[in-house]
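All values below come from the heavy atoms of this structure, side chains included, with hydrogens, waters and symmetry mates left out. Being a predicted model, the structure only gives us computed values, none of them experimental.
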Amino acid sequence: SASAASDVYKRLVLRGNEAAGQGGAIVAIGSATGGTSTLVLGAGAKIEQNKAKSTGGAIYAFGYDQTVNIGANALITGNVAGTYGGAISVEGQTSSGINIGNGAVISNNYALTGSGGALYSNHNITINGNTNISGNLSAGSGGALFAAGLGTANTVTLDTSLGHIAFTGNKSGVTFTDGVPDDGSG
């Protein structure tokens, strides 16, 4: 039978962390062969100024059915990934994904050589209303977010039932030199 694991962190601040590999602040690894793993950052989380040389500037999650849930009113800003998923990267085998609660601010995150300036998932991304997504940059596709859909269907859900979702000033195809965008965006 499938197992379930869940880590819940409330009022969490992830600031100024660095990793030589994935996940500047958190790496969450679930089972590669079955089961569900969920990383939950409660309401009001602050995820700022984290860096990873590889994927997931602040958070990297991998597993069979791996999900990262960020609570309401989160601040996700200034995170940098050397490859993809400037702030958060989730890779899973089945219905893995990223869920962002209402009232979030997701800004100024960079994916230096890959896609998903702020968010990268190889399956699903859900953004809830009253959220502002701005100034995120990627060298590859998806200045703000990228849902790859590797091997199965993927879904991007923008749920505006709790208010608007604003995408402003996000860019893909940006060239970076020493972590700074060459186009003057940063």
Side-chain angles (χ1 to χ4, degrees), residues 4-14 25-26 28 30 36-48 50 55-79 81 84-111 115-138 140-172:
S6 180
D7 291 317
V8 179
Y9 302 95
K10 297 179 181 177
R11 296 179 295 277
L12 183 67
V13 176
L14 303 174
I26 294 176
T36 300
S37 298
T38 304
L39 173 66
V40 180
L41 279 61
K46 291 181 177 24
I47 304 167
E48 308 170 295
N50 299 287
T55 182
I59 298 170
Y60 173 74
F62 175 84
Y64 185 77
D65 188 358
Q66 183 73 47
T67 302
V68 173
N69 295 327
I70 307 293
N73 303 312
L75 175 62
I76 304 170
T77 188
N79 300 287
Y84 50 90
I88 300 170
S89 177
V90 176
E91 298 180 73
Q93 305 299 315
T94 58
S95 61
S96 301
I98 302 168
N99 301 307
I100 304 293
N102 65 298
V105 173
I106 304 170
S107 64
N108 303 315
N109 300 287
Y110 299 165
S115 298
L119 309 175
Y120 174 93
S121 173
N122 67 349
H123 289 286
N124 305 307
I125 298 175
T126 299
I127 309 283
N128 288 290
N130 199 26
T131 294
N132 291 299
I133 303 168
S134 65
N136 300 288
L137 307 175
S138 72
S141 300
L145 55 93
F146 185 83
L150 301 177
T152 61
N154 66 327
T155 304
V156 174
T157 303
L158 304 174
D159 182 352
T160 58
S161 63
L162 296 173
H164 74 281
I165 298 172
F167 286 84
T168 56
N170 302 289
K171 295 180 184 177
S172 61

> Does Ser89 have any side chain to side chain donor-acceptor pair (under 3.5 Å) partners at least two apart in sequence or in another chain, and if so, which?
Replying inline: Thr55
> side chain to side chain donor-acceptor pair (under 3.5 Å) with Thr77: which residues, sequence neighbours excluded?
Replying inline: Ser107
> Are Phe167 and Leu145 close enough that some pair of their side-chain heavy atoms sits under 4.5 Å apart?
Replying inline: yes
> In Å, rounded to the nearest 0.5 Å, how long is the span from CD1 of Ile70 to CG of Asn128?
Replying inline: 12.0 Å
>> As an exercise, state the distance from CD1 of Ile127 to CG of Leu158, rounded to the nearest 0.5 Å.
In response: 7.0 Å
> To the nearest 0.5 Å, how far apart are CG in Leu137 and OG in Ser172?
Replying inline: 9.5 Å
>> Checking Tyr60 now: which residues fulfil ring pair (Phe, Tyr, Trp, His ring centres under 6.0 Å) with it, not counting sequence neighbours?
In response: none
>> In the structure I gave you, are the side-chain heavy atoms of Leu14 and Leu41 within less than 4.5 Å of one another anywhere?
In response: yes
> Can you name the one residue among Leu75, Ile59, Ile106 that meets side chain to side chain contact (heavy atoms under 4.5 Å, CB included) with Ile47?
Replying inline: Ile59
> Can you name the residues that form a side chain to side chain donor-acceptor pair (under 3.5 Å) with Asn170, not counting sequence neighbours?
Replying inline: Asn136
> Any side-chain heavy atom of Ile76 within less than 4.5 Å of one from Ile100?
Replying inline: yes
> Do you know the tightest heavy-atom contact between Ala81 and Gly56?
Replying inline: CB-N, 3.8 Å
> Residues in side chain to side chain contact (heavy atoms under 4.5 Å, CB included) with Asn99, at least two apart?
Replying inline: Thr67, Asn69, Thr126
> Mind checking whether His164 and Asn130 have side chains closer than 4.5 Å, heavy atoms only?
Replying inline: yes
> To the nearest 0.5 Å, what is the distance between CG (Asn109) and CG (Leu119)?
Replying inline: 7.5 Å
> When rounded to the nearest 0.5 angstrom, what is the spacing between CD1 in Ile88 and CG in Leu39?
Replying inline: 8.5 Å
>> Please enumerate all residues that pass side chain to side chain contact (heavy atoms under 4.5 Å, CB included) together with Ala111, with sequence neighbours excluded.
In response: Ser138
>> Contact between Ile165 and Ile133 at the side-chain level, heavy atoms closer than 4.5 Å - yes or no?
In response: yes
> Leu162: what forms a side chain to side chain contact (heavy atoms under 4.5 Å, CB included) with it, not counting sequence neighbours?
Replying inline: Asn102
> Of all heavy-atom pairs between Phe146 and Ser115, which one has the smallest distance, and what is that distance?
Replying inline: CG-CB, 3.7 Å
> Rounded to the nearest 0.5 Å, how far does OH of Tyr84 lie from OG of Ser141?
Replying inline: 14.0 Å
>> For Asn50, is there any backbone N or O sitting under 3.5 Å from a side-chain donor or acceptor partner on Asn79?
In response: yes
>> Looking at every heavy atom in both Ala61 and Gln66, which two are closest together, and how far apart are they?
In response: CB-CG, 3.4 Å
> With sequence neighbours excluded, what pairs up with Asp159 under the side chain to side chain donor-acceptor pair (under 3.5 Å) test?
Replying inline: Ser161
